[in-house]
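This one's a predicted model, so the numbers in the text were calculated from it and none came from an experiment.
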Amino acid sequence: YMEGCGVKKDEKDAIEYYEHAVDLGNSNAMVNLALAYANGTGVLQNKREAVRLYKKAVDLNNRDAMFNLGLVYESSGAHKDEAVRLYKQAAELEHSGAMCKLGQACKEGAGVSKDAAAALDWYQQAADLENAEAMCALGGCYATGDGVPQDMAEAIRLYRQGADLGDTGAMTNLGLC
């Protein structure tokens with residue numbers, strides 16, 4: 001009901017289904033309900049409730065909850081170490097977005113020691129899982145020679161892959177080439 005796929009869109013009904021599934025211990029429903037609370041979709045916005053639900057889903061080993069809670073902690077600015085810990089947990093479960101975030105953290109030294117080689121490794125792992133943002137970031141490394149020998153042909157190849165998957169940063173970088 002949240003998206004209106006095959007049924008009339010009804011956010012309130014979606015919330016009721018999520019709540020029932022949460023009561024039954026479904027971690028994906030916890031993530032969906034947390035997103036609703038985080039964004040105020042179908043419910044009054046309540047970031048604390050969103051965090052509570054993410055934590056509950058993290059306890060059930062839900063990689064999307066780990067990633068989303070990491071985003072919450074990263075955006076707060078005060079919990080970068082905890083965000084990195086959650087991204088690592090999600091990356092171990094092959095969450096490509098978490099891998100890309102770890103690449104950024106290693107590149108910038110945010111919550112971890114600055115490490116260009118580790119950044120490249122995380123970006124490559126995420127790109128191998130077809131994460132367009134990671135393809136763009138990895139392309140940027142090749143374009144500037146950041147941690148790798150500068151290689152514009154490889155940068156353009158990666159930008160094209162990212163752009164083909166819809167990454168606007170990769171599209172912009174191709175436009176600049």
Side-chain angles (χ1 to χ4, degrees), residues 2-6 9 11 28 31-32 34-42 45 47 50-51 54 62-177:
M2 189 61 80
E3 301 295 327
C5 298
K9 184 175 178 169
E11 293 170 352
N28 291 323
V31 171
N32 289 336
L35 284 168
Y37 276 109
N39 298 316
T41 306
Q45 189 175 42
K47 299 206 183 241
V51 167
Y54 284 141
N62 185 296
R63 70 184 191 167
D64 292 326
M66 294 167 190
F67 178 70
N68 290 352
L69 188 55
L71 292 174
V72 169
Y73 287 154
E74 182 182 3
S75 70
S76 77
H79 303 288
K80 289 195 189 252
D81 293 345
E82 183 63 12
V84 168
R85 185 187 69 75
L86 287 161
Y87 292 149
K88 284 181 181 175
Q89 274 186 276
E92 288 171 7
L93 298 172
E94 295 195 353
H95 192 289
S96 67
M99 292 172 182
C100 189
K101 282 294 196 177
L102 286 169
Q104 292 171 353
C106 290
K107 184 174 181 179
E108 299 165 6
V112 293
S113 299
K114 197 170 187 176
D115 185 339
L120 289 168
D121 184 54
W122 284 118
Y123 286 146
Q124 186 63 62
Q125 287 184 62
D128 289 346
L129 293 173
E130 297 196 12
N131 182 292
E133 184 179 355
M135 291 171 184
C136 180
L138 192 55
C141 293
Y142 279 100
T144 61
D146 188 6
V148 292
Q150 189 173 20
D151 184 342
M152 283 308 295
E154 181 64 3
I156 290 169
R157 184 188 74 75
L158 287 160
Y159 290 153
R160 280 195 179 122
Q161 281 185 317
D164 288 347
L165 291 172
D167 186 83
T168 56
M171 293 173 194
T172 300
N173 290 344
L174 273 175
L176 292 171
C177 288

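Closest approach of A50 to A34, counting heavy atoms only: CB-O, 3.3 Å. Across every non-hydrogen atom of G162 and A170, the tightest pair is C-CB, 3.8 Å. Nearest heavy atom pair, residue I156 against residue C177, reads CG1-SG, 3.9 Å. When all heavy atoms of A118 and C106 are compared, the closest pair comes out as CB-SG, 3.8 Å. Between L93 and R63 the shortest heavy-atom distance is O-NH1, 2.8 Å. Closest of all the heavy-atom pairs between S96 and A126 is O-CB, 3.4 Å.
Looking only at side-chain heavy atoms (C-beta outward), T41 and L35 stay at 4.5 Å or farther from each other. Annotation: side chain of V84 is not in contact with side chain of K80 (no heavy-atom distance under 4.5 Å). When side chains are defined from C-beta on, K9 does not count as touching M2, because their heavy atoms never get closer than 4.5 Å. Put simply, the side chain of K101 reaches to within 4.5 Å of the side chain of L71, judged on heavy atoms.
Taking CD of E94 as the start and CD of Q125 as the end, the distance is 8.5 Å to the nearest 0.5 Å. Between atom CG of residue L138 and atom CG of residue D146 there is a gap of 10.5 Å, rounded to the nearest 0.5 Å. How far CG of L102 is from CG of D115: 11.5 Å, rounded to the nearest 0.5 Å. Rounded to the nearest 0.5 Å, atoms CG (L174) and OH (Y159) are 8.0 Å apart. The CG atom of D81 lies 11.0 Å from the CG atom of L86; values are rounded to the nearest 0.5 Å. Separation of atoms CG (D121) and CE (M99) is listed at 9.5 Å; rounding is to 0.5 Å.
Here the side chain of Q45 pairs no donor or acceptor atom with the backbone of Y37 at under 3.5 angstrom.
Sorted by first and then second residue, the ring pair (Phe, Tyr, Trp, His ring centres under 6.0 Å) pairs with a member in residues 80-135 read F67-Y87, F67-H95; sequence neighbours excluded.
Looking at residues two or more places apart in sequence or on another chain, you find no ring pair (Phe, Tyr, Trp, His ring centres under 6.0 Å) involving Y142.
Residues Q104 and E74 have side chains that never bring a donor and an acceptor to within less than 3.5 angstrom of each other.
More than 12 heavy atoms of other shown residues, nucleotides or ligands fall within 6.0 angstrom of atom CZ in R85.
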